[in-house]
Amino acid sequence: MKFFNLLKKEISELFTKQTIVSMVFTVALLIAMGQLVNSSMQKAIFSTDITIIDCDNTEFTGEIISKLSENGFNVNLVPSDTASDNISSEMKKIGADEAIIIPQGFTDTILKDKKPAAIKSVCTMKSTTSVSSTMSGAAVADASSAITKLVKEKLYADFGVLPEESEFANSAVEIESVTIAGDRTANASVEAISSVTMMRNMIVLMMIFILVLFASQMIITAIATEKIDKTLETLLSTPVSRMTIILSKMTAAALVSIINAVAYMIGFSGYMSGFSAGMSAEEVGNMVSSGGVDITEAIEALNFGFNAVDFVLIGLQMFVTILIALSISIILGALAKDAKSTQTLIMPIMIAIMLPFIITLLGGSPDEMSMPVNILISAIPFTHTFRAIDYIAFGNMTAYWLGLAYQIVFLAVCMALAVRIFTTDKIFTVSLNFSRKKQAHTPEN
Amino acid sequence: MSTVLEVKELSKKYPKAEKFAADKVSFSVDEGDIFALIGSNGAGKTTTIRMIATLLSPTSGDAVVDGNSILTAPAKVRECITYLPDEAGAYKTMTGYDYLKFMGGLFSDDAETIKKYIAKAEAICGLGDRLKDKIGSYSRGMIRKLLLARAVMTSPKLAILDEPTSGLDVINALEIRNMIKSLASQGMSFLISSHNMLEIEYVSTKIGIISGGKLLVTGSANELKERYNAENLEEVFERVVKSNEVL
């Protein structure tokens, strides 16, 4: 009986409104993430839609394509008389992200010259940060393999293959992987390129995530503790300007969180290298491509290798991001009434950083989101930090500068609010009491 | 004696509150005075003190500290006051010595001046070698002594102490009262608030009884006892509050 009495008290202390809100949010987030992953996986793995640009346009290629349809592929055939040199603009013209290009002379090379002919397996890369981009290109890869098999079967069935021709017949079709990013192309598979960019950029994403979380938690706790312990009253009554007090807190939190982030990144790099058996990102990419393709060259061709200016731009956005996180945290810390409310006040920041982080990681492209969801996600200032890496990688600088401009405006508003709270009565009169609704707190008289 | 603090019809109404927390409070504190604001919980003591300490802005009225208005020159006011909030804490990860050095550094950039502040605080708080220990290991009484020493080490024109002995045992409370009296005799002025009538009677030179945000009466302990024909301050307080007399 005494046990149950104690148990009841412990549960009532632990199972608070904050716990329920946090639990409901986590469940909702996990379900939403699951659906996002599901749609990406469905699209990446189970899609049978395939666009074929038939530049050869012969009876032979026509038969292969119709057999491809019989094998379960939903073929969108785009006949073309000439193989365009600019694959990127060709793909844009037909509005496809993935396609197989059968070049002119394909049939003659195989049937007349008895030589292997190449088809181009083309895939558009949309992100350098999302896990789903490593899985994209699955449909086009499957279709390419199917074409290889169908050509071999057709050669044996319809044209008769002499014993000395069997080696040629077994590998009559060669697959050349082409990856498109914006207006650039590279002769490597999207899977190989993504595996390299993912390994590189994941570190940056994690760094942003950890930096914001650490800095926010530190400053919320620091301000709330000062408020609760009443050391803040002592501090604010000294001949030091309030702005100096805010800036010192923000700088300290930023510095400590940078140290933390660097330390975590060192640990995280060690952890990740375990998964790649100690190989560098390039070595992993070369292994994945397995076609004698130099992945470093491919990445350079797509302009995915960051230069000094790119690093400055990413650093600038990270700096603004950390300032936003700190200014929001100052406001939230000022609302704290007790230690319990401090924990709850960290939640909005966690949600605001987790949501875009996970969406970016899972490949939630703004183009694929519904308008309200896109507006909601874009309204979160941290979203633009995560998206910035792709904006820079794909040369979408207008989007980068717009994102940064939005963040600067957001920062100015938050800073103005934080300074206003610190320079007026609000630092002592406003607090959030989670047992009731938001209320103006009247201090003890 | 010159006037260190002149409070002129100071009022404060919190947002959404129906009544004024402080309603046209006026009083003055001279050099060497220990002015005590006494009142029950929610009477308006802390609000009045916080306005004078420039932490809250008044709805109306003004207070002038050593010639500086809290409305027009709050930064100047902060240079000549120190404030010790009720139940205030200190930074637990710092040693007592580091805390005094840190707080001294907020009042002066000169290393020699800071050293003098620390030496004065060391002498006042009587914590000796314990100043080298982390504040987290201090008892409540030790923290209060440290904070009081911090509040007076800069020799402010006016030290504002909210419930300076609340929660302390008899010995510690007595030591702090004696400390305040000794510093006042050297010319430092104090504005203190308390619930403890016996303490106020012992330590203060002037008393203000506050209730419902209004300062009902001011005078020395003896003057008030005589005026209300009371044996002690508790009786004075009861009679003043009940009659709600405004002088």
Side-chain angles (χ1 to χ4, degrees), chain A residues 218-219 221-249 251-253 255-256 333-339 342 417 419-433 436-445, chain B residues 12-17 19-22 39-59 74-92 99 102-108 147 150-151 154 156 160 162-163 193 210 212-213:
Chain A
M218 267 189 286
I219 206 137
T221 310
I223 289 175
T225 309
E226 286 232 36
K227 206 178 161 186
I228 295 159
D229 287 351
K230 295 196 178 177
T231 48
L232 189 63
E233 282 184 50
T234 309
L235 204 57
L236 295 181
S237 66
T238 60
V240 180
S241 82
R242 308 263 168 114
M243 201 62 194
T244 308
I245 294 170
I246 293 177
L247 285 179
S248 66
K249 282 190 183 300
T251 311
L255 287 175
V256 176
L335 294 173
K337 193 180 169 76
D338 48 38
T342 308
L417 203 59
V419 169
R420 184 165 164 71
I421 285 176
F422 257 77
T423 51
T424 60
D425 294 3
K426 293 194 188 306
I427 185 71
F428 299 112
T429 57
V430 175
S431 67
L432 280 184
N433 187 345
R436 283 170 238 154
K437 287 185 175 176
K438 185 178 178 178
Q439 61 179 36
H441 169 57
T442 306
E444 67 275 32
N445 293 313
Chain B
K12 178 71 185 177
K13 193 168 182 283
Y14 289 107
K16 295 180 187 172
K19 289 181 179 175
F20 277 86
S40 16
N41 290 330
K45 303 187 299 288
T46 300
T47 297
T48 305
I49 278 177
R50 279 179 167 176
M51 282 192 282
I52 297 164
T54 74
L55 296 174
L56 293 177
S57 52
T59 307
K76 286 272 179 200
V77 170
R78 286 195 281 268
E79 282 174 16
C80 50
I81 63 156
T82 52
Y83 172 52
L84 175 60
D86 177 23
E87 293 182 349
Y91 304 106
K92 288 172 188 154
Y99 177 70
F102 163 70
M103 292 303 292
L106 300 179
F107 285 84
S108 175
L147 293 179
R150 187 277 303 166
T154 54
I160 304 168
D162 197 356
E163 305 278 0
S193 83
I210 193 164

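Residue numbers begin at 1 in each chain, while the letters A, B, ... track the order of the sequences. As a basis for the values below, the full set of heavy atoms in this structure was taken, side chains included, without hydrogen atoms, waters or symmetry mates. Predicted model only: the values in this text are computed from it and were never measured.
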> Under 3.5 Å, is there a donor-acceptor pair between the side chain of A:Lys230 and the main chain of B:Asp86?
Replying inline: yes
> Which pair of non-hydrogen atoms, one from B:Leu55 and one from A:Glu233, has the smallest distance, and what is that distance?
Replying inline: CD2-O, 3.8 Å
> Which region of B:Ala90, side chain (C-beta onward) or backbone (N, CA, C, O), has a non-hydrogen atom less than 4.5 Å from a non-hydrogen atom of chain A, or is it both or neither?
Replying inline: backbone
> Looking at B:Ala22, B:Ala53, B:Gly89, B:Ala151, which makes the most heavy-atom pairs under 4.5 Å with chain A?
Replying inline: B:Gly89
> By salt bridge (Lys or Arg N to Asp or Glu O under 4.0 Å), which residues pair with A:Asp425, not counting sequence neighbours?
Replying inline: B:Lys12
> Any idea which of B:Ser57, B:Ala88, B:Ala75 has the most non-hydrogen atom pairs under 4.5 angstrom with chain A?
Replying inline: B:Ser57
> Is there any residue in residues 234-241 of chain A with a non-hydrogen atom under 4.5 Å from a non-hydrogen atom of chain B, and which ones are they?
Replying inline: A:Thr234, A:Leu235, A:Leu236, A:Ser237, A:Thr238, A:Pro239, A:Val240
> With chain A, which of B:Thr154, B:Leu147, B:Leu106 has the greatest number of heavy-atom pairs at distances under 4.5 Å?
Replying inline: B:Leu106
> Can you name the residues that form a side-chain hydrogen bond (donor to acceptor under 3.5 Å, both in side chains) with B:Lys13, not counting sequence neighbours?
Replying inline: none
> Heavy-atom distance under 4.5 Å to chain A: side chain of B:Lys92, backbone, both or neither?
Replying inline: side chain
>> Suppose we screen for side-chain hydrogen bond (donor to acceptor under 3.5 Å, both in side chains). Which residues come up paired with B:Glu163, at least two apart in sequence or across chains?
In response: B:His195
